[in-house]
Amino acid sequence: MKKSFTIIIALTLFFNFSRAQNLLAIPDTLSGTNFNLNIYDTSKVFYTGYTTNTFGVNGKYLGPTVFLNKWDSVSMNVFNQLMDTTTIHWHGLHVSAKNDGGPEIFIPPNTTWNPKFKVRDHAATYWYHPHLHMMTNLHVSLGAAGLIIVRDSAERALNLPRKYGVDDFPLVLQTKCFNTTKQILINNASDSVVMVNGTLKAYLPTPAQVVRFRVLNASSERVYNIGLQGNLTFYQIGSDGGLLNAPLALTRLRLAPGERAELLVDFTGKMGQSINLMSFASELPSAIYGATQPGMGPGQVIPGYTSNVLNGANFNLMTFSVVAQTASPVTTIPSALVINTPWSIANANGFKTLTFTPVNMGPTAIQGPFLINNTSFNMNVVNYSIPLNNIEVWTLTNQSPIAHPFHIHDVQFYITEYNGGPAPSYLAGRKDVVLVPAGQTVKFIAKYETFCDSTAKYMYHCHMLPHEDAGMMGQFVVTCPINVGIEEIDYKMEDIILYPNPTSDKIKIKSNAYQPISEITIFDNLGKVILSKNKLLQNENEFDLITFPSGFYLIEIKTSKGIIYKKLNLIK
Ligand code: C2O
Ligand code: CU
Ligand code: CU
């Protein structure tokens, strides 16, 4: 009796030491409309006695969670204090190409990049990360990434958990390779250390009620097959760019690099239990990074892959320790969420086919590089020019031996066809990443709206970061319907004309009878209103800026069809 008691104590101690032991880090938050993100070289202790070099954003590893409200006009101050050039891309947000932070929007060391944009996205979980060509994997792996949570009125109207860090938790999933001195290594398949929000062996006290998790796969390559210990049911409520029509009951969810999912777990009545969040990678089919076989057959090899203990194994991501309920808990799973209305294929006026192929044939094909339509990324080539307001169907065909998570900037899309059938339910919502299995075809539909610019580019690429860095990427521009000869920062409707621009004093703003102007507001570069007019008798309006200093001004023009913004350059 006494002996077995000792054994139980010993086992419990062993169990606790060998299992999750670190309280899950919850990233700090930033909210408002003016955001400061400082990126710098720093370090963090992941392992006692070792200092790991990292890239921090306002912290040591991973940046703060940025809360945005739909329709707010926000200003981002991204201060690069690294020794390296970088960029910051707002993954999933619909912003103009100049504000998008792609590989050409360099932020040199010791400079600040200050994009300003209006939040037009649906409530969902997005993220920001560097996008410097050939350096994305390194910069992201070192920790320069963070979440963006967009809120909107449709989401607020639902009875969902939304107290950040209380009943609404971010879970940034990553696997890493550390060398013997515990430095982060990239470009190999030895990513055998799991971290959630930068925490190794994490546990989280979760209240015994309905809890929301915003899960991001921020891994360089690994695909997770998420599930709960004991095959407990959970509910997916959102995908990359918005809520689903209704919660989807699941026991597994496949999440590829770049993808997000919002999940609800009902912990009601489970107080005192420990429940692991796992990746059931043993169930992944072949030809997915993370499965037993990363390629179609055993002939396809990646050095280091088979000795990585996570591959093909069911492993813990973290542990939920269920604790007492909070005040006013959410205890029910809603029956309906929002109404998604995908564009109809009948309305599509553009069609593209993108085929993924390996550069090498034979057993090393899987190691990359990979091509899209037989070409590798070239910064000087615009692969597609898409007329503003086109609705396009893109067909992605993967003729390589490994699944690729395809990502596109500017838009959220809906999957119209998945391996010859309709989109599986977990992929039915708004998406900006889709895993295209080896040998299969996926089609999606999207509208290229709001922003046009004949020179600033948007990217599309594989979100396995070594693949992207090695050139599995292309770029497109969205072209404007008429050449108005001015720099558009938020071009929407063809018929608003502002002239002359640049100007030294007066400007005229003109519309046509189809979209009468109701209000014009001019802001200085600090966002302060300097002039506004709302009693407009005709559609030719003159403003005199003679008393204002040189610089850029933002002009907001409200018309019967919506609001547009134009940038005015005042030169004295
Ligand atoms: Cu998450 Cu082009 O990136
Ligand atoms: Cu992106
Ligand atoms: Cu890829």
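Because only heavy atoms are used, hydrogens play no part in the values below, and waters and symmetry mates are left out as well, while side chains stay in. Just so you know, residue 1 is the first one in the sequence shown, and it goes up from there. Atoms within each ligand, like the ligands themselves, are counted from 1 in listed order.
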Heavy-atom count around Met83 CE within 6.0 Å, excluding the residue itself: above 12?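 Counting other residues, nucleotides and ligands, CE of Met83 stays at 12 neighbours or fewer.
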
Q: Answer whether the closest heavy-atom distance between the side chains of His139 and Phe55 falls below 4.5 Å.
A: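 His139 reaches Phe55 side chain to side chain.
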
Side-chain heavy-atom pair Leu310, Thr175 within 4.5 angstrom cut-off
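Of all side-chain heavy-atom pairs linking Thr175 with Leu310, at least one is under 4.5 Å.
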
Sequence neighbours excluded, which residues qualify as salt bridge (charged side-chain N to carboxylate O under 4.0 Å, His left out) partners of Glu259?
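Partners of Glu259 by the salt bridge (charged side-chain N to carboxylate O under 4.0 Å, His left out) criterion, ordered by chain and then number, come out as Lys431.
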
### Task
Only one of Tyr384, Tyr458, Phe451 passes ring pair (Phe, Tyr, Trp, His ring centres under 6.0 Å) with Phe476; say which it is.
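In the set Tyr384, Tyr458, Phe451, the residue that makes a ring pair (Phe, Tyr, Trp, His ring centres under 6.0 Å) with Phe476 is Tyr458.
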
*asked:* Suppose we only allow N, O or S atoms; which atom of His129 ends up nearest to atom 1 (Cu) of ligand 1?
replied: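 Relative to atom 1 (Cu) of ligand 1, the closest nitrogen, oxygen or sulfur of His129 carries the name NE2.
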
**Report entry** Geometric class of the Phe406/Phe356 ring pair [parallel <30°, tilted 30-60°, perpendicular >60°]
**Finding:**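 Because their plane-to-plane angle is under 30°, the rings of Phe356 and Phe406 count as parallel.
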
_Keeping to distances under 2.8 Å, can you name the protein N/O/S atoms close to atom 2 (Cu) of ligand 1?_
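Protein N/O/S atoms under 2.8 Å of atom 2 (Cu) of ligand 1: His131 NE2, His409 NE2, His461 NE2.
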
(request) Kindly indicate whether a cation-pi arrangement holds for Lys44 with Phe46, taking the cut-offs as under 6.0 Å to the six-membered ring centre and within 45° of the axis. (result)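 Yes, cation above the ring, under 6.0 Å and within 45°.
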
| message | At a threshold of 2.8 Å, where the distance has to be below it, does the Cu ion (ligand 3) have an N, O or S atom of His404 nearby? | response |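 So His404 counts as coordinating the Cu ion (ligand 3), yes.
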
For N/O/S atoms only: which one belongs to His467 and is nearest the Cu ion (ligand 3)?
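The nearest such atom is ND1.
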
